[in-house]
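Heads up, the thing below is written out as structure tokens.
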Amino acid sequence: MLTIQFIRDNRDTVIERLKIKNFKQPELIDRIISRDDERRSLQVQTNGLQAELNQLSKEIGILFKKGEKDKANEVKNRTTVIKNELETFERELQEATEELKEMLVQVPNLPHPSVPEGNSEADNRIIREGGIMPNLHENAIPHWELGTKYNLIDFDLGVKITGGGFPVFRGKGAKLQRALITYFLDQNTGAGYEELLPPLMVNEASGFGTGQLPDKEGQMYHVTGDNLYLIPTSEIPVTNIYRDVILKAADLPIKNTAYTPCFRREAGSYGKDVRGLNRVHQFDKVEIVQIQHPSASYNALEEMVNHVEQLVINLGLPYRIVQLCGGDLSFTSALTYDFEVYAAAQKKWLEVSSVSNFESYQANRLKLRYREPEEKRPQLAHTLNGSALALPRIVAAILENNQTPEGIMVPEVLHPYTGFDFI
RNA sequence: GGAGGAAUGGCAGAGUGGUCGAAUGCGGCGGUCUUGAAAACCGUUGUCCGCGCGAGUGGACCGGGGGUUCGAAUCCCUCUUCCUCCGCCA
């Protein structure tokens, strides 16, 4: 979330920039500022009464020690009055603080100045395109049919044992998954990212820290018995490692990578674009996360984009990089680049990575800070993350684009990992 | 799952109702000394929210939340986590 201080100091800018994000309640900004005014005044009054009470309590202690019991009791009577008064102020102060936070949490991150205006995908800006479009033979088929034909993916089995959107990979299909995961992790660690293997379930505090809670609750599987959430992305456990942490400026940047399965309910997305691996409830993803100094975060974002681009290039997939417009940008992001690869049989662009700079928005929720060597006060760090990469759609594109009448060619970089070059 | 014990500042560790944000040690930072370093000595060293032009100053925080009390690190309730033992188990 944005800090209250920032909102107070930049009211007009905040309102103006949030327009690009289609923020629907600009009046909330003024409500926040006036509620904060109230909060401050309540705090002044509360603190004053508390100071008085503290002073009297000390006096009582001293009087009792001296044995002046009567005098002590007299002072005690005075405290009763203050306590009653204080109770009201404390309650109101607490209410104001809580309401303020509830309102702050509803304000999305400000988009970066370069973010184009727009309401939907159609307004996203294509930054770069690359790779070569494949020429498929006449009888080319989409990946869900290839998966069945070559016994790589069994969608029906997944339905049987769990439900729709939980495919079973088998044989060379399973091995291809493992190869991609290992390949991505190797490339990421080679680029200086420390490999992590985090928990797949997180608590509420973690969900709040990265911005999934309280609003996007419906997107996550909730383990009600223990009040835990299955992660929709390893961004949550990895970034939350640094929750409530004050780093030294010299510790920055921190670069982590993690492979995890991801779980998404995808409520309300039935119908279009859900065939095969295009949209599933459980999938594998390798993520990269950076904790950055604010002055370096946009360079880091470019670096991450270049890194992810190289992965896609190495796999030989036609791709494009788009910058999300204001309306398509997520609640917490300031700037996001999406990677899409072309799946030639279904003739569709599939999103395989989303690389974002959250600036200090998550950091403020997380209380993730760093300190400059000579500075007393810690500053909020910047957080960034991106998929490197999400597997199912990569697999879909590889299967579809590399199919020949004789079988499917495995990208060369994967051969050491798969142990086979043809399916 | 059952029975006990514990949680204090960066770390270790005192503190069981009163001027305690908290002894002491270590670590960190600054200084003295030294050609330099070490040692020794001296000083300093948490976070957050306010008020004040400023020098300053008020409040909160001893795992989280609630309670008792004029006053809580200290007493009570509750949750979480860790340790020991028993049971179960990959």
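In the text below, chain A, chain B and the rest are named by the order of the sequence lines, each starting its count at 1.
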Spell out yes or no: do the side chain of Asn47(A) and the base of G59(B) have one donor N/O and one acceptor N/O closer than 3.5 Å? no
Could you tell me whether Phe358(A) and His382(A) have their ring centroids closer than 6.0 angstrom? no
Please report the distance separating the C1' of A12(B) from the corresponding atom of A7(B), rounded so that it comes out in whole Å. 15 Å
Side chain of Pro378(A) only, please: which of U47(B), G71(B), C49(B) is the nearest? U47(B)
Looking only at the side chain of Ala51(A) (C-beta and beyond, no hydrogens), which of the listed nucleotides C70(B), G66(B), G58(B) gets closest? G58(B)
As its Watson-Crick or G-U partner within any shown strand, both distances under 3.5 Å, C41(B) has G31(B)
Quick one: Phe208(A) CZ to G64(B) C1', roughly how many Å, whole number? 16 Å
By the Watson-Crick or G-U definition, both distances under 3.5 Å, U69(B) is matched with none
Using the C1' atoms only, state how far U32(B) lies from A37(B), rounded to an integer number of Å. 15 Å
Take atom C1' in G2(B) and the same atom in G87(B), then report the distance between them in whole Å. 8 Å
Side chain to side chain contact (heavy atoms under 4.5 Å, CB included), paired with Ile7(A), selected from Ile29(A), Thr13(A), Ile15(A): Ile29(A)
Look at Arg40(A) and C49(B) and indicate whether a side-chain polar atom (N or O) is within less than 4.0 Å of OP1 or OP2. no
Round to a whole Å and report the spacing from CG of Asp226(A) to P of U81(B). 9 Å
Both distances under 3.5 Å, Watson-Crick or G-U wobble: report the partner of A23(B), or none. none
Mind checking Gln43(A) for me? I need base, sugar-phosphate or nothing, with any heavy atom below 4.0 Å counting as a touch. base
To the nearest Å, how far apart are Ile82(A) CD1 and U69(B) C1'? 16 Å
CD of Gln5(A) versus P of G50(B): gap in Å, rounded? 7 Å
When you check the phosphate oxygens OP1 and OP2 of U69(B), does a side-chain N or O of Lys76(A) lie under 4.0 Å from one of them? no
With rounding to the closest Å, how many angstrom separate the C1' atoms on C62(B) and G54(B)? 34 Å
For salt bridge (Lys or Arg N to Asp or Glu O under 4.0 Å), just list the numbers for Asp36(A) and Arg40(A), CA-CA rounded to whole Å, side-chain angles, deciding distance to a tenth of an Å, and then say yes or no. CA-CA 6 Å; Asp36(A) 187 52; Arg40(A) 287 174 190 231; 2.9 Å; yes
Does Arg371(A) make a side-chain N or O approach to OP1 or OP2 of U47(B) shorter than 4.0 Å? yes
Asp338(A) and Ser354(A): side chain donor to acceptor below 3.5 Å: yes
Going by distance alone, is a donor N or O of one side chain under 3.5 Å from an acceptor N or O of the other, for Arg243(A) and Ser206(A)? yes
P gap between U44(B) and C49(B), integer Å: 26 Å
Between U8(B) and G1(B), how many Å separate the two C1' atoms, rounded to a whole number? 31 Å
What integer number of Å spans the C1' atoms of A73(B) and C61(B)? 11 Å
Rounded distance (Å) that lies between atom C1' of C51(B) and atom CG of Asp36(A): 14 Å
Rounding to an integer number of Å, can you tell me how far Arg39(A) CZ sits from G58(B) P? 19 Å
When all nucleic acid strands are considered with a 4.0 Å heavy-atom cut-off, which category describes Thr79(A): base, sugar-phosphate, or nothing? sugar-phosphate
Applying the Watson-Crick and G-U wobble criteria at under 3.5 Å, what pairs with C89(B)? Answer none if nothing qualifies. none
Should A3(B) form a Watson-Crick or G-U wobble pair with both distances under 3.5 Å, which nucleotide is its partner? U84(B)
Does G9(B) have a Watson-Crick or wobble partner in any strand here, with both distances under 3.5 angstrom, and which is it? none
Any side-chain N or O of Asn54(A) under 4.0 Å from OP1/OP2 of A60(B)? yes
Which sits closer to the 5' end of RNA chain B, Gly61(A) or Glu52(A), going by the nucleotide each is nearest to? Gly61(A)
G54(B) pairs with, by Watson-Crick or G-U criteria that keep both distances under 3.5 Å: none
Have a look at Leu56(A) and say if it touches a base, only the backbone sugar-phosphate, or nothing, with a 4.0 Å heavy-atom cut-off. nothing
Any-strand Watson-Crick or G-U partner of C61(B), both distances under 3.5 Å: G46(B)
With Lys172(A) as the cation and Tyr150(A) as the aromatic partner, state whether NZ or CZ is under 6.0 Å from the six-membered ring centre and within 45° of the axis. no
With sugar-phosphate meaning primed atoms plus P, OP1 and OP2, does Arg78(A) contact a base, only sugar-phosphate, or nothing at under 4.0 Å between heavy atoms? nothing
Decide whether a cation-pi geometry holds between Arg365(A) and Phe208(A); the criteria are a distance under 6.0 Å from NZ or CZ to the six-membered ring centre and an angle within 45° of the ring axis. yes
Rounded to whole Å, please give me the gap between CG in Asp244(A) and P in C61(B). 18 Å
Side chains of Gln187(A) and Gln310(A) only: does a donor on one sit below 3.5 Å from an acceptor on the other? no
How many Å lie between NZ on Lys58(A) and C1' on A72(B), as a whole number? 15 Å
Do the side-chain N or O atoms of Arg369(A) get closer than 4.0 angstrom to the phosphate oxygens (OP1, OP2) of C48(B)? yes
Determine the Euclidean distance between corresponding P atoms of A40(B) and C77(B); express it in Å to zero decimal places. 48 Å
Which part of the nucleic acid, if any, lies within contact of Ile62(A), taking any heavy atom under 4.0 Å across all strands shown: a base, the sugar-phosphate backbone alone, or nothing? base
